[in-house]
Participant: 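Let me begin by handing over the structure; questions about it come next.
Letters A, B, ... mirror the listed sequences (proteins, then strands); counts begin at 1. These numbers were taken from a predicted model, which means no experiment stands behind them.
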Amino acid sequence: MKFGILILEGPYQHEASDSAYNFAKAVIEKGHEISRVFFYQDGVLNATKLMDVQRDDRHIQERWTDLSKEHGIEYIVCVAAAKRRGIVDEVLAENFKIGGLGMLTDLAIEADRLVTFRA
Amino acid sequence: MKFGILILEGPYQHEASDSAYNFAKAVIEKGHEISRVFFYQDGVLNATKLMDVQRDDRHIQERWTDLSKEHGIEYIVCVAAAKRRGIVDEVLAENFKIGGLGMLTDLAIEADRLVTFRA
Amino acid sequence: MLHMINKSPFESNSLEDCLRYASDGSPILLYEDGIYGALAGSALEARMKEIMANHDVYVLKADVALRGIEKLIDGVKEVDYSGFVGLVEENKAVSW
Amino acid sequence: MLHMINKSPFESNSLEDCLRYASDGSPILLYEDGIYGALAGSALEARMKEIMANHDVYVLKADVALRGIEKLIDGVKEVDYSGFVGLVEENKAVSW
Amino acid sequence: MNDEAAKLMVVFRTAPYGSIYSFEGLENVVMMAAYEQDLTVLFIDDGVLALKKGMDNAATGIKDFSPTFKALEPVYDVEKLYIDGDSLKARGLTLDDLIIQPEVIAADQVDKMMEEQRNTMIF
Amino acid sequence: MNDEAAKLMVVFRTAPYGSIYSFEGLENVVMMAAYEQDLTVLFIDDGVLALKKGMDNAATGIKDFSPTFKALEPVYDVEKLYIDGDSLKARGLTLDDLIIQPEVIAADQVDKMMEEQRNTMIF
């Protein structure tokens with residue numbers, strides 16, 4: 001099955017990104033494909049490489065980057081939502097790409113299941 | 001009277017920063033002093049100079065910067081909250097300063113009224 | 001205390017939670033999505049009228065106008081941002 | 001449809017809103033702060049039991065453990081993340 | 001809309017302005033409309049409040065995005081617009097209070113509508 | 001605490017983990033405790049859930065911050081800890097279920113407690 005994941009909230013402020021990450025790992029472990037993770041609204045804030053996290057806590061951006069490196073998952077950060085929140089190419093972490101909102105429509109068409117993580 | 005303002009949410013995602021801005025302007029117009037605006041939790045995201053906003057919408061960071069320039073209000077962005085969200089000196093807009101969480105305690109002690117804007 | 005409520009009472013329990021703690025006579029300010037609590041003719045109107053027997057209920061005009069609301073429950077008092085500051089001059093404030 | 005609820009029913013109306021639309025027989029997954037709806041002995045237990053007459057109610061184990069909850073309402077089914085994926089394999093899903 | 005069109009639905013259930021769900025949900029609908037799929041838009045719960053007539057943003061400076069909701073059908077060709085009648089009524093509103101008049105449906109039709117879609121997003 | 005100490009209160013009313021209000025509210029309390037003011041901490045509504053015993057973060061990787069709540073009195077000398085009894089009861093919990101045992105108060109004492117403070121922050 002092809003899964004799509006949509007994340008609407010930023011790191012730390014809400015659990016959405018944590019839940020999405022653990023869900024994504026389980027999707028992969030069950031042998032499914034993740035067509036794309038799409039970061040929209042405050043979700044775009046997960047993509048900054050400037051996050052500097054205390055050692056006793058999880059590093060949300062690095063965790064996402066590592067998951068993509070290991071399994072080749074595509075992460076798209078909505079350009080319109082990113083711009084108004086100050087997420088630009090210069091601060092983008094590895095394996096995140098800025099892309100158009102249309103790539104969310106593409107994902108909704110392509111994925112057998114699109115699962116939203118939100119506030 | 002001395003006012004303190006505490007902002008707990010980022011720009012655009014919630015109305016908190018808009019309400020705080022309009023409240024701050026009214027406080028000044030009534031002749032009161034604003035001891036400090038403290039940006040905590042996702043509130044730290046108001047401080048990025050990388051925000052790039054469509055012309056038909058308000059630019060939340062520039063509006064705050066202009067208000068500070070005009071009236072000399074101090075803006076402190078909590079260092080601990082900022083670090084985990086990728087807000088560092090390099091992306092800090094004019095008139096925002098990174099500071100310790102203790103400066104919120106100082107504000108709560110000093111201000112006759114501390115008003116919180118939140119989700 | 002001035003009790004500040006910014007969430008829609010159709011979606012959030014923050015207004016009802018606040019009322020468990022608010023002393024009779026303490027004013028309530030509805031702002032942001034909180035202003036929907038003052039919608040005339042809504043399913044919450046009867047409850048709001050009960051609340052108004054014990055509390056002065058204010059709505060922030062700017063948020064009412066932004067949302068296109070014209071008809072407010074009788075007795076709800078409108079304040080602009082200057083009036084909002086005035087309420088905070090007269091009362092210590094907490095945001096729920 | 002799988003209806004996913006992530007907010008505390010003590011604070012948010014999202015579970016009750018969802019139930020106005022959810023067909024009988026559609027499963028409900030409580031995760032994140034939504035798991036507090038499954039607290040045994042709470043003021044919401046009777047209501048949850050009514051809901052469970054028409055819906056299978058699941059809780060995400062990871063979120064239950066994170067919050068230190070041991071006693072769940074009888075009949076609530078626990079799933080791990082793999083079980084969560086399983087529910088989404090079997091059902092289209094929406095997040096309220 | 002072509003024969004291979006995917007059935008997609010966007011649901012608005014959050015009040016406008018207090019959070020960005022309504023506004024950025026709308027930007028998403030506008031984008032989806034360009035794809036010529038089989039798109040349905042549904043307003044429920046506090047989501048119906050985004051359609052209230054007479055919004056005036058002068059005192060806040062916050063962008064009034066209701067003109068885009070108004071344009072969904074005439075400009076963006078989104079024809080399948082529905083609204084939950086009970087949600088409107090609970091808020092003391094009727095279709096006459098709204099800038100557009102979606103087709104009124106009953107709450108118990110919603111689950112079936114979602115089930116018919118390839119994917120549904122709630123904002 | 002000195003004679004000139006300001007009376008300050010922090011109220012926890014949000015569930016832990018789902019949002020950061022509880023965790024960053026706690027970091028704020030730890031900081032305030034270092035200032036030797038007259039500090040009061042109150043748990044109400046879903047805020048009481050942050051004190052539940054037996055939290056286990058192994059399956060999520062999210063930081064378990066309950067040890068810091070436990071340390072408030074012994075380590076950080078925060079002595080004025082209160083909890084709304086009705087909030088606990090509504091959630092099927094008793095003081096025995098919690099990692100600390102704040103003094104139980106009734107809901108109708110809260111407004112007066114807030115009124116006595118120089119400033120109160122709710123998280």
Participant: Look up atom CZ in A:Arg58 and atom CZ in B:Arg84, then write down how far apart they are to the nearest 0.5 Å.
Facilitator: 8.5 Å
Participant: Quick one: pull up CG in A:Leu8 and CD in B:Gln13 and give me the separation to the nearest 0.5 Å.
Facilitator: 8.0 Å
Participant: Near A:Lys30 NZ, under 6.0 Å, is it more than 12 heavy atoms from other residues, nucleotides or ligands?
Facilitator: yes
Participant: So, do A:Leu50 and B:Val91 sit near enough that their side-chain heavy atoms are less than 4.5 Å apart?
Facilitator: yes
Participant: With a 4.5 Å limit on heavy-atom distance, are the side chains of B:Asp52 and A:Val88 in contact?
Facilitator: no
Participant: Is there side-chain contact between A:Asp42 and B:Asp42, with heavy atoms separated by less than 4.5 Å?
Facilitator: yes
Participant: Picking from B:Glu9, B:Lys83, B:His59, B:Met51, which has the most non-hydrogen pairs under 4.5 angstrom with chain A?
Facilitator: B:Lys83
Participant: Where on B:Gln54 is there a heavy atom nearer than 4.5 Å to chain A: the side chain, the backbone, both, or neither?
Facilitator: side chain
